[in-house]
Engineer: 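I'd like to ask some things about the structure below.
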Amino acid sequence: MHKIKKSALPQWIFHVAFRVMGLLPRKKKTVFFESFHAKQYSDSPRAIYEYMRKHRPEYRLVWSIDKRSTELFERHGVPYVKRFTPKWFMEFPRAKYWVNNVRLPGWMPKPPGTIYVQTWHGTPLKKLGLDIETVHMPGTDTDNYRRNFLSESSKWDFLVSPNAYSTNIFKRAFGFKGEVIESGYPRNDLLTNFAESDVRTVRKALGIPDGKKVMLYAPTWRDHDFYEKGKYKFEFQFDLKKWKDQFSDEWVLLTRMHYLIAENFDFSGCDGAVIDVSHYPDIRELYITSDLLITDYSSVFFDYSVLGRPIVFYMYDLDQYRDQLRGFYFAIEEEAPGPIVRTERELFDVIRNIGRLQPEKSEAYRKFQKTFTSLEDGHAAERVVNAFLGS
């Protein structure tokens, strides 16, 4: 079925069916949500959904989901319609509101009268959209990538931005002409509003022993290292056995791969010291549970800095990533809210002496928070909902 949807004839049929249904009157109190290609119950769409469920009960709130994610949405008791089913074609094109955090399929037109709220999914360090000089991703080239991006962004009525820095970049990089809601990210409301009981619940669910500290490793993908379109390679650049031998008495390592990384890692030899949380439903819960974040160029470090906890940047391929693959919007070497390391030895040395970081005393950390997270006060979802509903 996946291959069929990629071919021209089914896409044309889908397009026509979608356009015809979109000509019917809008269902003015219906909001459809998607997160990461309809595969997750997460991110800002989840935060907006949960806010509306509590504060806007007069609206019908429905998720558009990939059929492989049914169990996840059943477990959370969330109303859904499976993508590309007859019921979905009857309902999705007629919803008054769409809330999404990534691009929709190119064949999918936005019906007249639909309000499309694009939350996006990160504060940009690496260049994106029209700002990427040369696209290295499979299945496209630079001209097609830019053309498709402009086609998608032309459908957006609202674009959520976490800060003024992102607003300026988003407008240019997405070629966006609509209204920007500069609100902070709804997904980060939890980072201000969580309770210790939430942390205990996550620790119990993951089987983290009492007394163990938690280290979260969340790297991003590399544009040029792939199996095929949408499936990227990744190889650990530090030895997990060495990590276990040196740190597992005190720490548990949670590994969170980007959703585009296709690898299935085997951590069976790590005896619970390393836990794969790549498919954990919501990374926000991993943030509040962890005592330290290790990342590279992923936007997770912007969100995590809301917590004021230590961040280590393991940028073993910094020169290549910055100068050849993407390029950065600012000099991360100067503005990072934590140390940048390039080798396993440097990484382990920083972990061993993590108590020295003390982000609460770091001027660089405070400056970073002022620039990127000053709007993260726990009320972003409220601001976004009030903006797109017009009240």
Side-chain angles (χ1 to χ4, degrees), residues 44 101 118-137 142 145-146 149 153 159-176 180-185 187-188 191 216-224 258 283 287 292-342 346-347 350 357 359-376 380:
S44 290
N101 67 344
Q118 172 57 246
T119 70
W120 203 239
H121 50 269
T123 300
L125 164 64
K126 53 195 177 186
K127 290 186 178 180
L128 73 164
L130 307 183
D131 287 346
I132 302 176
E133 294 180 7
T134 303
V135 172
H136 298 275
M137 304 169 199
T142 303
Y145 180 82
R146 291 177 175 175
F149 227 120
S153 66
L159 174 60
V160 176
S161 170
N163 46 54
Y165 156 87
S166 297
T167 297
N168 293 331
I169 292 172
F170 286 169
K171 285 181 176 179
R172 181 186 68 251
F174 298 151
F176 181 62
V180 176
I181 307 172
E182 193 174 294
S183 56
Y185 269 139
R187 69 185 186 189
N188 288 339
L191 306 186
L216 175 62
Y217 180 45
T220 193
W221 51 289
R222 272 68 177 162
D223 304 50
H224 70 303
H258 190 279
I283 195 172
Y287 292 154
L292 163 67
L293 172 69
I294 301 171
T295 187
D296 45 21
Y297 320 104
S298 171
S299 67
V300 296
F301 69 86
F302 291 98
D303 301 334
Y304 193 79
S305 70
V306 175
L307 295 168
R309 298 175 186 176
I311 304 170
V312 176
F313 295 85
Y314 188 31
M315 295 180 169
Y316 50 83
D317 55 353
L318 174 59
D319 296 336
Q320 180 189 35
Y321 199 96
R322 178 193 57 216
D323 300 335
Q324 298 176 27
L325 292 183
R326 279 291 187 99
F328 295 155
Y329 285 113
F330 62 88
I332 187 65
E333 302 97 320
E334 299 172 10
E335 299 186 38
I340 295 175
V341 296
R342 298 195 184 209
E346 291 175 341
L347 175 63
V350 169
L357 292 187
E360 70 278 4
K361 297 180 180 180
S362 167
E363 180 60 31
Y365 207 114
R366 284 195 295 270
K367 182 180 178 182
F368 186 89
Q369 289 176 313
K370 184 177 180 180
T371 301
F372 298 108
T373 67
S374 62
L375 295 177
E376 307 292 1

Engineer: Working note: Asp131 + Arg172, criterion side chain to side chain contact (heavy atoms under 4.5 Å, CB included); need CA distance, chi angles, decisive distance, verdict.
Structural biologist: CA-CA 8 Å; Asp131 287 346; Arg172 181 186 68 251; 2.9 Å; yes

Engineer: Report yes if some heavy atom in the side chain of Ile294 is under 4.5 Å from a heavy atom in the side chain of Leu216; otherwise report no.
Structural biologist: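 Not touching, per the 4.5 Å side-chain cut-off.
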
Engineer: Is Thr373 close to Thr123 at the side-chain level, that is, under 4.5 Å between some pair of heavy atoms?
Structural biologist: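 The answer is no, as the side chains (C-beta and beyond) never meet within the 4.5 Å cut-off.
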
Engineer: Pair Glu182, Ser161 - check side-chain hydrogen bond (donor to acceptor under 3.5 Å, both in side chains), show working.
Structural biologist: CA-CA 5 Å; Glu182 193 174 294; Ser161 170; 4.8 Å; no

Engineer: For Arg187, is there an ion pair with Glu376 - N to carboxylate O distance below 4.0 angstrom?
Structural biologist: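 No, this pair does not count.
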
Engineer: Grab the two heavy atoms, one from Gly184 and one from Val160, that are nearest each other, plus how far apart they are.
Structural biologist: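 Shortest heavy-atom separation between Gly184 and Val160 comes out as O-CG1, 3.9 Å.
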
Engineer: Tell me whether the count of non-hydrogen atoms from other residues, nucleotides or ligands lying under 6.0 Å of CD in Glu133 goes above 12.
Structural biologist: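 Result for CD/Glu133: open.
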
Engineer: Any donor-acceptor pair under 3.5 Å linking the side chain of Thr295 with the backbone of Ala218?
Structural biologist: yes

Engineer: Do any N or O atoms from the side chain of Tyr185 and from the backbone of Ser44 form a donor-acceptor pair under 3.5 angstrom?
Structural biologist: no

Engineer: Report yes or no: does Tyr365 contribute a side-chain atom to a donor-acceptor pair with the main-chain N or O of Ile311 at less than 3.5 Å?
Structural biologist: no

Engineer: Within the 4.5 Å heavy-atom criterion, are Val180 and Lys171 side-chain neighbours or not?
Structural biologist: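 Side-chain contact under 4.5 Å: yes.
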
Engineer: Taking all atoms of both residues into account, what is the closest heavy-atom pair of Ile332 and Leu125, and its distance?
Structural biologist: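 For Ile332 and Leu125, the tightest heavy-atom pair comes out as CB-CD1, 4.1 Å.
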
Engineer: Indicate the atoms forming the closest heavy-atom contact of Phe170 with Pro162, along with that distance.
Structural biologist: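 That would be CE1-CD, 4.0 Å.
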
Engineer: Could you measure the distance from the CD1 atom of Ile181 to the CG atom of Leu159? Nearest 0.5 Å is fine.
Structural biologist: 8.5 Å

Engineer: Kindly give the heavy-atom pair with the smallest separation between Ile340 and Glu333, and that separation in Å.
Structural biologist: CD1-CA, 3.6 Å

Engineer: Is the shortest side-chain N to carboxylate O distance from Asp319 to Arg342 below 4.0 Å?
Structural biologist: yes

Engineer: Report yes if some heavy atom in the side chain of Pro337 is under 4.5 Å from a heavy atom in the side chain of Pro359; otherwise report no.
Structural biologist: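 Counting from C-beta outward, Pro337 and Pro359 never come under 4.5 Å.
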
Engineer: To the nearest 0.5 Å, what is the distance between CG on Asp317 and CG on Asp323?
Structural biologist: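 Asp317 CG to Asp323 CG: 11.0 Å, rounded to 0.5 Å.
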
Engineer: Compare every heavy atom of Val135 with every heavy atom of Thr142, then report the nearest pair and how far apart it is.
Structural biologist: OG1-N, 2.9 Å

Engineer: Looking at every non-hydrogen atom in both residues, tell me the closest pair between Ala380 and Ser183 and how far apart they are.
Structural biologist: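 Scanning both residues, the minimum pair turns out to be CB-O, 3.4 Å.
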
Engineer: CZ/Arg309 to CG/Leu357 distance, rounded to the nearest 0.5 angstrom?
Structural biologist: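 Atom-to-atom, Arg309:CZ and Leu357:CG are 14.5 Å apart.
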
Engineer: Counting distance only, does the side-chain N/O of Arg322 pair as donor-acceptor with the main-chain N or O of Lys126 below 3.5 Å?
Structural biologist: no

Engineer: Just verifying a value: how many Å separate Tyr316 OH and Asp296 CG, rounded to the nearest 0.5 Å?
Structural biologist: 6.0 Å

Engineer: Would you indicate whether the side-chain heavy atoms of Tyr287 and Val300 approach each other to under 4.5 Å?
Structural biologist: yes

Engineer: Mark yes or no for whether Gln118, through its side chain, and Ser153, through its backbone, hold a donor-acceptor pair below 3.5 Å.
Structural biologist: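 No, because the side chain of Gln118 does not come within donor-acceptor range (under 3.5 Å) of the backbone of Ser153.
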
Engineer: Do Met315 and Val341 touch side chain to side chain, with heavy atoms closer than 4.5 Å?
Structural biologist: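 The answer is no; the side chains never approach within 4.5 Å.
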
Engineer: Only one of Tyr321, Tyr329, Phe313, Tyr314 passes ring pair (Phe, Tyr, Trp, His ring centres under 6.0 Å) with Tyr297; say which it is.
Structural biologist: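 Of Tyr321, Tyr329, Phe313, Tyr314, ring pair (Phe, Tyr, Trp, His ring centres under 6.0 Å) with Tyr297 is met by Tyr321 alone.
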
Engineer: For Phe372, check ring pair (Phe, Tyr, Trp, His ring centres under 6.0 Å) against everything at least two apart and list the hits.
Structural biologist: Tyr165, Phe302, Phe330, Phe368

Engineer: Are Leu318 and Phe328 close enough that some pair of their side-chain heavy atoms sits under 4.5 Å apart?
Structural biologist: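 Heavy-atom side-chain distance check passes, below 4.5 Å.
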
Engineer: Within this structure, what is the CG-CG distance for the pair Asn163 and Asn168, rounded to the nearest 0.5 Å?
Structural biologist: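 These two atoms lie 9.5 Å from each other.
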
Engineer: Is there a side-chain contact between Leu293 and Val312, using heavy atoms and a 4.5 Å cut-off?
Structural biologist: no

Engineer: Check whether any side-chain N or O of Tyr304 sits under 3.5 Å from a backbone N or O of Leu292 as a donor-acceptor pair, and report yes or no.
Structural biologist: yes

Engineer: Go through the steps to decide whether Trp120 and Phe174 satisfy the test ring pair (Phe, Tyr, Trp, His ring centres under 6.0 Å), and finish with yes or no.
Structural biologist: CA-CA 11 Å; Trp120 203 239; Phe174 298 151; 4.8 Å; yes

Engineer: Ser298 side chain to Thr220 main-chain N or O, any donor-acceptor pair under 3.5 Å?
Structural biologist: no

